[in-house]
A.B. asks: 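Would you mind keeping the following structure in view while I ask a few things?
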Amino acid sequence: MRYWLMKSEPDAFSIDDLKNCPKKTEHWDGVRNYQVRNMMRDDMKKGDLAFFYHSNCAEPGIVGIMTITREAYPDHTAFDPEDHHYDPKSDPDNPRWLMVDVTYKRHLKRNISLQELKQLNAQMPDFALLRKGNRLSVVPVEKEYWDFILGLE
DNA sequence: GCCAACGTTGGC
DNA sequence: GCCAACGTTGGC
């Protein structure tokens, strides 16, 4: 089993939005980066756990935990000209983009901000989230770091 | 294959 | 809103 961190802008889709979804489950659409797509396709498995991370907001950070409940399948939003993430080059017969389903598990007891994580960088020297220039919307989290971060709660 | 121009992410 | 740090596109 693997651990992940997945970013979402709370203005677009927050952890509370996920919690309020039917069955607390929603598809994680809109990934338009090949590296992230490949990770979802090759490495993300049903039962994996992921941190829900709020990005591009007043206090960026980890706010909760979700479970991967369906493995990668075609992202239909890429076929929809009305969709913000429409990609005319994604062919329904050979989809370019994939998504997974995620299910709300719980909020963290408190938000763990990016600022706090940065201060602990020395204890998580290989955390992809903290790497300079990192812009991937999904990053793997080593189990050691996962446990460490949960220990901060 | 190179690289300039452009688009996006996301912290601040 | 600014801008650094990418990734992508497309001409050559």
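When reading the values below, keep in mind they use all heavy atoms of this one structure, side chains included, and skip hydrogens, waters and symmetry mates. Labels below follow one simple rule: chain letters A, B, ... track the order of the sequence lines, proteins then strands, and each chain is numbered from 1.
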A.B. asks: Taking any atom under 4.0 angstrom from a heavy atom of chain A, which nucleotides of DNA chain B are the first and last to qualify, 5' to 3'?
C.D. replies: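 Contact boundaries, 5' end first: B:dG7 to B:dC12.
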A.B. asks: List the atom pairs, with distances to 0.1 Å, where a side-chain N or O of residues 12-20 of chain A and a protein N or O form a donor-acceptor pair under 3.5 Å, not counting sequence neighbours.
C.D. replies:
unit_1: A:Ser14; atom_1: OG; unit_2: A:Asp16; atom_2: N; d: 3.2
unit_1: A:Ser14; atom_1: OG; unit_2: A:Asp17; atom_2: N; d: 3.2
unit_1: A:Ser14; atom_1: OG; unit_2: A:Asp17; atom_2: OD2; d: 3.3
unit_1: A:Asp16; atom_1: OD1; unit_2: A:His107; atom_2: NE2; d: 3.2
unit_1: A:Asp17; atom_1: OD2; unit_2: A:Ser14; atom_2: N; d: 2.8
unit_1: A:Asn20; atom_1: ND2; unit_2: A:Asp16; atom_2: O; d: 3.1

A.B. asks: On DNA chain B, nearest-nucleotide positions of A:Gln115 versus A:Gly30: which is more 5'?
C.D. replies: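 Looking at the nearest nucleotide for each, A:Gly30 comes out on the 5' side.
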A.B. asks: Kindly determine whether A:Thr77 and A:Arg32 satisfy side chain to side chain donor-acceptor pair (under 3.5 Å), including the steps that lead there.
C.D. replies: CA-CA 11 Å; A:Thr77 66; A:Arg32 298 292 181 267; 3.0 Å; yes
A.B. asks: Return whichever of A:Asn56 or A:Tyr34 has its heavy-atom-nearest nucleotide of DNA chain C closer to the 5' end.
C.D. replies: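 Its nearest nucleotide lies further toward 5', so the answer is A:Asn56.
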A.B. asks: Going by the ring-ring contact (aromatic ring centres under 6.0 Å, His included) test, which pairs reach into residues 24-46 of chain A, not counting sequence neighbours?
C.D. replies: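 Output for this query lists A:His27-A:His76, A:Trp28-A:Phe52, A:Tyr34-A:Trp97.
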A.B. asks: Write out all pairs satisfying side chain to side chain donor-acceptor pair (under 3.5 Å) with one or both partners inside residues 49-67 of chain A, taking only residues at least two apart or from two chains.
C.D. replies: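 Residue pairs with at least one partner in residues 49-67 of chain A: A:Glu9-A:Asn56.
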A.B. asks: Please collect all salt bridge (Lys or Arg N to Asp or Glu O under 4.0 Å) contacts where either partner lies in residues 46-57 of chain A, sequence neighbours excluded, each pair once.
C.D. replies: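 Salt bridge (Lys or Arg N to Asp or Glu O under 4.0 Å) check on residues 46-57 of chain A returns no pairs.
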A.B. asks: Compile the donor-acceptor pairs under 3.5 Å between side chains in residues 145-153 of chain A and protein atoms, sequence neighbours left out, one pair per line.
C.D. replies:
unit_1: A:Tyr145; atom_1: OH; unit_2: A:Asp126; atom_2: N; d: 3.1
unit_1: A:Asp147; atom_1: OD1; unit_2: A:Lys143; atom_2: NZ; d: 3.3
unit_1: A:Asp147; atom_1: OD2; unit_2: A:Lys143; atom_2: NZ; d: 2.9
unit_1: A:Glu153; atom_1: OE1; unit_2: A:Arg106; atom_2: NH2; d: 3.1
unit_1: A:Glu153; atom_1: OE2; unit_2: A:Arg106; atom_2: NH1; d: 2.8
unit_1: A:Glu153; atom_1: OE2; unit_2: A:Lys109; atom_2: N; d: 2.7

A.B. asks: Can you list everything that forms a side chain to side chain contact (heavy atoms under 4.5 Å, CB included) with A:Asp80? Sequence neighbours excluded, please.
C.D. replies: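 Partners of A:Asp80 under the side chain to side chain contact (heavy atoms under 4.5 Å, CB included) test: A:Glu82, A:Asp83.
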A.B. asks: Quick one: salt bridge (Lys or Arg N to Asp or Glu O under 4.0 Å) pairs with a partner in residues 129-140 of chain A, sequence neighbours left out?
C.D. replies: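 Sorted result for residues 129-140 of chain A: empty, none.
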A.B. asks: Please work out if A:Glu9 contacts a base, only the sugar-phosphate, or nothing of the nucleic acid, heavy-atom cut-off 4.0 Å.
C.D. replies: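 Nothing, no heavy atom under 4.0 Å.
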A.B. asks: So if I take residues 116-140 of chain A and measure heavy-atom distances to DNA chain B, which residues fall below 4.0 Å?
C.D. replies: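 Output list: A:Lys118, A:Arg135, A:Leu136, A:Ser137.
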